[in-house]
There are 2 protein chains.
Amino acid sequence: MDQVTKTPGWQDEIVVLLRSHGINPTTQRVTIGRIILSAYRHLSADQVLKAVNEDKHFVSKATVYNTLNLFAKRKLVREVFVDPSKVFYDSNTSPHYHIYNEDTGELIDLEADQLEVTGIPDLPANTVETGIDVIVRVHNRNRSVLN
Amino acid sequence: MDQVTKTPGWQDEIVVLLRSHGINPTTQRVTIGRIILSAYRHLSADQVLKAVNEDKHFVSKATVYNTLNLFAKRKLVREVFVDPSKVFYDSNTSPHYHIYNEDTGELIDLEADQLEVTGIPDLPANTVETGIDVIVRVHNRNRSVLN
DNA sequence: CTGCTTGCAAAGGCTTTGCAGAACA
DNA sequence: TGTTCTGCAAAGCCTTTGCAAGCAG
């Protein structure tokens with residue numbers, strides 16, 4: 001995780017990656033790309049913003065949001081909706097599913113070859129499938145059952 | 001759908017249903033219950049608010065939100081997160097999944113006996129599964145591929 | 001120069017909350 | 001009379017947007 005930011009050549013790889021997806025690699029975009037694209041991660045916009053500022057590379061909140069939206073539109077990251085209060089951005093773009101811990105907010109990948117979804121019926125007329133999300137929701141065992 | 005609100009006895013059934021889930025059946029709660037519990041429906045809080053006011057039963061926005069949260073906590077409805085901008089409340093509480101049309105916002109039930117999820121690996125230590133969400137995302141065919 | 005980017009601050013949309021008045025037992 | 005509930009308005013969060021200044025080619 002911290003190894004990544006120190007590895008020489010990573011910045012160039014990010015630059016190439018951004019260009020190959022039609023994105024002009026500005027300083028801010030490369031900084032954000034290094035945070036989220038250099039390993040499989042699940043981060044909210046706020047977590048990206050914090051991570052960016054920890055590394056003393058200052059990027060504004062607006063740019064973080066705009067950049068993550070751009071990355072999503074260009075399929076560099078996938079938006080994951082598990083919690084109504086915030087979007088997670090997932091840099092693993094291969095087919096896979098998730099385990100979501102509702103207590104900790106932690107999101108874990110389930111590769112598609114482990115888990116299978118069968119029996120999907122016909123889709124409504126004139127519609128095309130764009131993807132299947134599977135979320136296995138869990139909570140910590142040592143939790144009160146009461147509300 | 002409109003038949004429901006005219007059927008004699010429905011209000012009493014809603015009252016019984018609320019009581020059986022530990023909910024004090026106030027006028028507003030029964031009104032909201034008749035909107036969302038009398039048939040399988042997927043509605044956002046805003047849609048419930050609109051439906052309530054169409055029928056000339058005025059319930060405030062705060063009460064709609066509070067009541068839907070209460071229904072969810074008492075398992076009368078299930079919260080569905082498919083769109084980061086709003087929560088859907090689903091009155092079908094039996095095990096099932098969803099097809100979500102990203103163009104229309106329409107949500108369609110997929111009964112659990114049609115669709116099967118297999119190969120769920122071990123959960124993280126000390127966690128308990130609370131449910132599995134499956135969302136088949138679709139969009140309308142006649143849509144531009146470009147952004 | 002000209003167009004794309006950034007960043008601040010303001011605006012927006014959905015949801016929650018504080019609190020006073022109302023309803024109910 | 002005490003408790004629960006409602007509803008208004010305000011506040012809170014996350015996210016988007018307007019716009020002026022900055023940067024690149």
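What's counted below: heavy atoms across the whole structure, side chains too, no hydrogens, waters or symmetry copies. All of these numbers come straight from a predicted model, not from anything done at the bench. Order of the sequence lines sets the chain letters (A, B, ...), proteins ahead of strands, with each chain counted from 1.
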Side-chain contact, heavy-atom cut-off 4.5 Å: A:Val15 with A:Val30?
-> yes
In whole angstrom, give the distance that lies between atom CD of B:Gln28 and atom C1' of C:dC24.
-> 12 Å
Taking C-beta and beyond as the side chain, do B:Asp90 and B:Leu107 meet within less than 4.5 Å on heavy atoms?
-> no
In whole angstroms, how far is the C1' atom of C:dT15 from the CZ atom of B:Phe88?
-> 15 Å
Nucleotide interval of DNA chain D bounded by contacts with chain A (heavy-atom cut-off, under 4.0 Å) = D:dC14 to D:dT17
Indicate whether the side chain of B:Asp103 and that of B:His139 have a donor and an acceptor atom separated by less than 3.5 Å.
-> no
Separation of B:Lys61 atom NZ from C:dT15 atom P, in whole Å?
-> 9 Å
Let me know the distance between CZ of B:Phe81 and C1' of C:dC14, rounded to the nearest Å.
-> 13 Å
Do B:Arg137 and A:Asp133 meet the salt-bridge criterion of a basic N to acidic O distance under 4.0 Å?
-> yes
Rounded interatomic separation in angstrom, taking OH from B:Tyr89 and P from C:dC14 | 13 Å
Would you mind telling me which residue lines up with the more 5' stretch of DNA chain C, B:Asn66 or B:Ser85, judged by nearest nucleotide?
-> B:Ser85
Send over the distance from A:Ile32 CD1 to C:dT5 P, rounded to a whole Å.
-> 13 Å
NA contact type, B:Thr63, heavy-atom cut-off 4.0 Å: base, sugar-phosphate, or nothing?
-> base
Figure out the CZ/P separation between B:Arg29 and C:dA23, and round it to whole Å.
-> 16 Å
Just checking, any donor-acceptor pair under 3.5 angstrom between side chains of A:Glu111 and A:Asn92?
-> yes
To the nearest Å, how far apart are B:Gln47 CD and C:dT15 C1'?
-> 16 Å
Looking at B:Ser44, does any N or O in its side chain come under 4.0 Å of the phosphate oxygens OP1/OP2 on C:dC14?
-> no
Any idea which of C:dT16, C:dC4, C:dT15 is nearest the B:Val87 side chain?
-> C:dT15
Hey, does A:Glu129 have a side-chain heavy atom less than 4.5 Å from the side chain of A:Leu123?
-> yes
Between A:Asn24 and A:Ala62, who's closer to the 5' end of DNA chain C by nearest nucleotide?
-> A:Asn24
Is A:Asp46 touching bases, backbone alone, or none of the nucleic acid, heavy atoms closer than 4.0 Å?
-> nothing
Side-chain heavy-atom pair A:Ile108, A:His98 within 4.5 angstrom cut-off | no
